[in-house]
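What follows is a single structure, written as structure tokens, with notes after it.
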Amino acid sequence: QVQLVESGGGLVQAGGSLRISCAASGRTLWSYAMGWFRLAPGKEREFVAAVSWSGNSKDYADSVKGRFTISRDNDKDTAYLQMSSLKPEDTAVYYCAADVKGGKYINSWHHWGQGNQVTVSS
């Protein structure tokens, strides 16, 4: 059973940067894709980014492409989301996810973290 714990969220001004982390326990992430989703008030949970188990393949939502970078350190069983040029519309609870396959669809992911609030002030 994979357990995921996010950290590193908080309050940041528009234009600033923030890095959030997702640490896994219970099982190594070596064979799992990792992803990030977010849930903003009044909206549905949406895909943000994903990275393959090797780290060689990455995918991003159009809304964050060029501003966010997903990465992972398999030795530490940790995934990261580096967020730059943040906008108020990036405000959301960010969730990390893990699964053997992954993808852009929520139903493709079976292991979830508890969520971490990121607030971007204007």
Side-chain angles (χ1 to χ4, degrees):
Q1 183 72 14
V2 177
Q3 296 173 329
L4 305 173
V5 178
E6 299 100 337
S7 62
L11 175 65
V12 63
Q13 289 188 332
S17 298
L18 198 64
R19 188 179 80 162
I20 54 179
S21 303
C22 175
S25 62
R27 178 177 177 151
T28 180
L29 291 177
W30 187 81
S31 60
Y32 283 71
M34 297 295 296
W36 289 96
F37 288 74
R38 66 186 182 186
L39 179 62
K43 296 186 178 181
E44 296 184 349
R45 192 177 300 195
E46 64 175 0
F47 170 78
V48 175
V51 59
S52 62
W53 67 268
S54 66
N56 291 335
S57 178
K58 300 178 181 181
D59 196 11
Y60 298 92
D62 289 341
S63 59
V64 306
K65 204 169 290 184
R67 299 188 299 121
F68 290 11
T69 302
I70 189 171
S71 62
R72 65 188 297 160
D73 185 337
N74 287 343
D75 290 337
K76 296 181 178 179
D77 285 329
T78 301
Y80 306 95
L81 186 67
Q82 177 68 48
M83 303 179 288
S84 302
S85 301
L86 282 161
K87 305 174 182 179
E89 51 262 44
D90 293 318
T91 295
V93 177
Y94 284 72
Y95 297 87
C96 74
D99 203 87
V100 175
K101 291 187 176 181
K104 291 187 176 182
Y105 301 101
I106 293 175
N107 292 338
S108 300
W109 303 84
H110 294 90
H111 304 282
W112 292 88
Q114 82 286 355
N116 201 6
Q117 178 70 46
V118 172
T119 303
V120 184
S121 62
S122 57

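Predicted model, so just to flag it, every value in this text is computed and none were measured. Each residue takes its place number in the sequence, starting with 1.
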message = Is any side-chain heavy atom of Arg45 closer than 4.5 Å to one of Trp112?
response = yes
Notebook entry, point to check: Using the benzene-type ring in the case of Trp, are the ring centres of Phe37 and Phe47 under 6.0 Å apart?
Noted result: yes
Within 45 degrees of the axis of the six-membered ring of Trp53 and under 6.0 Å from its centre: does Arg72 put its NZ or CZ there?
no
Sequence neighbours excluded, the answer for side chain to side chain donor-acceptor pair (under 3.5 Å) partners of Asp75 is none
Between the OG atom in Ser17 and the CG atom in Leu86, the distance rounded to the nearest 0.5 Å is 6.5 Å
Sorted by chain and residue number, the side chain to side chain donor-acceptor pair (under 3.5 Å) partners of Asp62 (sequence neighbours excluded) come out as Lys65
Note to self: Strictly distance-based, threshold 3.5 Å: is any side-chain N or O of Thr78 a donor or acceptor partner for the main-chain N or O of Lys76?
What the structure shows: yes
Q | Donor-acceptor under 3.5 Å (Thr91 side chain, Val120 main chain) | A | yes
Do Ile106 and Leu4 share a hydrophobic cluster (ILVMFWY, side-chain heavy atoms under 4.5 Å, transitive)? no
Same apolar cluster (I L V M F W Y, side chains within < 4.5 Å links), Tyr95/Ile70: no
* To do: Report yes or no: does Glu6 contribute a side-chain atom to a donor-acceptor pair with the main-chain N or O of Gly115 at less than 3.5 Å?
  => yes
Hits for side chain to side chain donor-acceptor pair (under 3.5 Å) against Thr69, two or more places apart or cross-chain, chain-then-number order -> none
What one should report as the nearest heavy-atom pair of Gly8 and Asn116 is N-ND2, 3.4 Å
Taken in chain and number order and not counting sequence neighbours, the residues that satisfy side-chain contact (heavy atoms from CB on, under 4.5 Å) with Ala33 are Trp109
Quick note, salt bridge (Lys or Arg N to Asp or Glu O under 4.0 Å) partners involving residues 89-99, not counting sequence neighbours, are Arg38-Asp90, Arg67-Asp90
Heavy-atom nearest pair, Gly102 first then Ser108, reads O-CB, 3.4 Å
Residue pairs passing the disulfide (SG to SG under 2.5 Å) test with at least one member in residues 45-89, sequence neighbours excluded, are none
Tyr32 meets the ring-ring contact (aromatic ring centres under 6.0 Å, His included) criterion, sequence neighbours left out, with His111
**OP:** Flag the pair Val118 / Ile20 as yes when at least one side-chain heavy-atom distance between them is below 4.5 Å, and no otherwise.
**Re:** yes
- Item | Cluster check Tyr80, Met34: I/L/V/M/F/W/Y, side chain < 4.5 angstrom | no
Residues pairing under disulfide (SG to SG under 2.5 Å) where one sits in residues 18-102, two or more places apart or in two chains, turn out to be Cys22-Cys96
Distance col, row Gln1:CD vs Gln3:CD, nearest 0.5 angstrom, shows 6.5 Å
By side-chain contact (heavy atoms from CB on, under 4.5 Å), Lys43 pairs with (sequence neighbours left out) Ala40
By ring-ring contact (aromatic ring centres under 6.0 Å, His included), Phe68 pairs with (sequence neighbours left out) none
- Shared ILVMFWY cluster between Val2 and Val51, side chains joined below 4.5 angstrom? yes
| task | State yes or no: do Leu18 and Tyr94 share one hydrophobic cluster built from I, L, V, M, F, W and Y residues joined by side-chain heavy-atom distances below 4.5 Å, directly or via other members? | result | yes
The remaining residues in the hydrophobic cluster of Leu11, counting side-chain heavy-atom contacts under 4.5 Å among Ile, Leu, Val, Met, Phe, Trp and Tyr, are none
With sequence neighbours left out, the residues meeting side chain to side chain donor-acceptor pair (under 3.5 Å) with Gln82 are none
* Side chain of Lys58, backbone of Ser52: donor and acceptor closer than 3.5 Å? -> no
